[in-house]
Amino acid sequence: MLPQRMKKAVTDNPKKLANLIDLVNLPSTLRDFVGQSQTSRLSCFMRVWSYIKTNNLQDPNNKNVVNCDEKLKGILLGKPQVDLAELPALIKLHFPKEPK
Amino acid sequence: MGKIPPSFRSALSNPNLIHRSSSLIPSSPKPHHFPNKTRKPHQKQQQSQSQSQSPKPVSVFKSPNLQEAKSIFNSFVNSSNAPIDSRFHNSLLQSYASISTINDSIAFLRHMTKTHPSFSPDKSTYHILLTHCCKSTDSKYSTLSLIHQTLNLMVSDGISPDKGTVDLAVRSLCTADRVDDAVELIKELSSKHCSPDIYSYNFLVKNLCKSRTLSLVYAFIDEMRTKFDVKPNLVTYTILIDNVCNTKNLREATRLVDILEEEGFKPDCFLYNTIMKGYCMLSRGSEAIEVYNRMKEKGVEPDLITYNTLIFGLSKSGRVSEAKKLLRVMAEKGHFPDEVTYTSLMNGMCRKGETLAALALLEEMEMKGCSPNTCTYNTLLHGLCKSRMFDKAMELYGAMKSDGLKLDMASYATFVRALCSVGRVADAYEVFDYAVESKSLSDVAAYSTLESTLKWFKKAKEEGLKF
């Protein structure tokens with residue numbers, strides 16, 4: 001039942017799905033970080049999030065905040081600190097909507 | 001019903017819950033005829049087939065090439081001293097047919113009979129060929145002509161198709177999604193050789209219900225009745241009623257009940273359960289109770305499924321106190337509430353805001369030796385989030401995690417939303433990680449929920465909303 005429901009949710013909005021999982025040519029800044037020339041928005045997010053976790057970049061006093069290192073700053077608008085809540089939005093900036 | 005927030009809506013149609021209770025009805029080990037009975041002839045055939053398959057040599061045939069297969073067969077015959085029986089031929093044919101085309105298989109069969117005249121193909125030999133041509137979904141072969149060819153071969157060999165043949169063909173065609181072909185074939189076989197038995201007939205009706213319109217199903221039933229005197233029985237009606245209930249057409253269900261009573265059938269527990277489920281899914285608790293009362297009037301003993309369905313329905317329509325009363329009634333009648341019963345009740349309590357009572361029920365059920373399942377935990381997690389008891393929710397989530405239980409979409413979405421609403425974004429990320437890790441949800445589903453939740457809260461914050 002559940003997979004069916006999910007399938008339905010996904011097929012309900014194919015555009016949104018494509019937007020999330022289609023491979024996209026990356027801008028040079030992101031290319032260095034990801035180490036690939038193409039990736040999807042979803043896997044890019046996963047990459048950044050696991051990078052934060054493996055390097056323990058979450059602020060020990062407030063886990064909701066990420067203290068960016070140089071590498072992260074490069075891709076997240078150069079901010080020294082980023083709220084976890086805005087992470088998806090910041091990553092989305094690298095994936096502009098394709099002009100029709 | 002007015003406007004319902006999205007997370008609650010998913011709870012209304014809590015997929016696991018409905019699925020559980022409904023799937024439990026047909027698969028109950030209790031005296032329900034149709035799943036067991038319909039499968040019986042199938043099993044018999046399977047047996048007779050698997051008997052012929054059991055000594056199947058593991059991948060004797062590597063290529064679908066006919067010449068090679070023939071020479072392999074010749075070398076087998078020459079090298080073996082033991083008497084070779086038809087079972088040996090059948091298993092060879094079976095393994096060859098599974099990798100080759102039907103025409104080559106027939107040629108191979110001819111070769112076997114020619115070089116080894118003592119082998120006379122029997123019914124199961126042709127059944128092997130028949131299942132293979134029924135199962136092929138290749139558009140080039142997916143016409144009835146191949147099946148006709150095989151059947152003609154069978155008849156010309158002096159073996160006339162019987163009920164087993166019909167059953168086999170119908171089931172193979174249905175599993176290959178060729179329902180229309182099955183209908184055509186069953187009509188043809190009924191007029192020429194042998195009408196289907198009630199099991200194959202019901203199997204086909206069930207498959208028709210799944211994929212075709214109701215009028216087409218009725219037309220099929222009518223035609224079978226008038227032309228071949230194959231009449232629907234109680235199981236057929238149960239299938240039909242289940243189908244119309246699932247499409248929320250309760251009026252048609254009532255009409256069907258009248259018809260079957262006119263035809264002299266007596267509704268049994270299983271049929272009542274099915275109708276009750278139909279009402280419960282639409283949250284029409286009073287009608288469900290009516291069915292329950294009618295059942296008692298007619299002297300049909302309710303079973304565990306009846307109570308589970310009723311408790312589910314009453315909980316769903318917000319009549320929790322009645323549902324609780326039923327819990328006592330069923331215990332008096334000697335039915336032990338199972339995890340489905342408790343989960344349904346908890347769902348109802350959570351909706352009423354009696355979350356702590358639901359949590360207490362979890363303890364009670366564990367004390368009585370009934371272990372909660374994934375759905376139970378998800379229901380409670382959902383309820384705890386709704387009533388904003390985050391610490392308890394985290395505790396429960398921890399328990400789920402240590403047991404490796406999966407999250408379902410509804411409780412995941414609610415949990416993430418609840419955590420974000422109190423600013424525990426890091427925890428929400430952690431839940432996201434667990435959902436992906438435990439393969440509860442696909443990455444896409446988990447991420448898009450997280451993303452849209454965060455987006456929504458950001459927007460709400462900008463607009464100065466408070467939670």
Side-chain angles (χ1 to χ4, degrees), chain A residues 1-24 39-67 76 81-95 97, chain B residues 6 9-10 13-23 246 374-375 378 406-413 416-417 419-433 435-437 439-462:
Chain A
M1 192 86 178
L2 197 67
Q4 253 176 5
R5 263 170 60 93
M6 264 153 48
K7 209 156 106 203
K8 204 177 154 242
V10 164
T11 45
D12 269 355
N13 205 335
K15 250 191 193 161
K16 236 180 182 169
L17 174 70
N19 184 302
L20 200 55
I21 60 168
D22 275 359
L23 293 181
V24 174
T39 192
S40 67
R41 187 152 64 83
L42 178 60
S43 51
C44 178
F45 170 81
M46 294 298 232
R47 185 64 71 92
V48 174
W49 171 226
S50 66
Y51 179 83
I52 292 171
K53 278 185 292 183
T54 45
N55 293 297
N56 279 325
L57 295 178
Q58 275 168 285
D59 193 301
N61 298 321
N62 181 4
K63 287 268 185 198
N64 293 346
V65 174
V66 178
N67 295 321
L76 300 178
Q81 269 201 338
V82 168
D83 210 318
L84 266 184
E86 40 177 358
L87 191 62
L90 286 174
I91 287 170
K92 208 173 179 177
L93 292 179
H94 291 288
F95 294 84
K97 268 187 197 158
Chain B
R9 208 178 306 140
S10 52
S13 58
N14 192 337
N16 288 358
L17 214 54
I18 293 173
H19 186 59
R20 284 232 123 233
S21 52
S22 61
S23 76
N246 286 342
T374 313
C375 190
N378 275 304
K406 291 187 177 183
L407 292 163
D408 71 17
M409 190 61 202
S411 58
Y412 167 75
V416 165
R417 194 174 304 123
L419 288 170
C420 289
S421 74
V422 285
R424 291 165 73 164
V425 183
D427 286 334
Y429 270 65
E430 205 267 337
V431 175
F432 163 76
D433 278 342
V436 173
E437 231 172 78
K439 298 204 166 55
S440 310
L441 307 166
S442 68
D443 309 5
V444 175
Y447 177 72
S448 43
T449 306
L450 180 70
E451 188 186 30
S452 58
T453 309
L454 290 173
K455 198 170 153 192
W456 190 83
F457 274 108
K458 194 178 162 226
K459 209 171 149 196
K461 214 175 266 173
E462 277 164 8

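Both backbone and side-chain heavy atoms feed into the values below; hydrogens, waters and symmetry mates do not.
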**Study point:** Contact class of Leu84(A) relative to chain B, heavy atoms under 4.5 angstrom
**Key:** both

Exercise for review: May I ask you to name which of Asp433(B), Asp427(B), Thr453(B) has the most heavy-atom pairs under 4.5 Å with chain A?
Suggested key: Asp433(B)

Review point. Is it the backbone or the side chain of Glu86(A) that comes under 4.5 Å from a heavy atom of chain B, or both, or neither?
Key: neither

Check your understanding: Roughly how far, to the nearest 0.5 Å, is NZ of Lys63(A) from CD of Glu430(B)?
Key -> 10.0 Å

Exercise for review: Give the ring-plane orientation class for Tyr429(B) versus Phe45(A), where under 30° counts as parallel, over 60° as perpendicular and anything between as tilted.
Suggested key: tilted

Revision key, fill the gap. Ranking Asp443(B), Val425(B), Val436(B), Leu450(B) by heavy-atom pairs under 4.5 Å to chain A gives rank one to Val425(B)

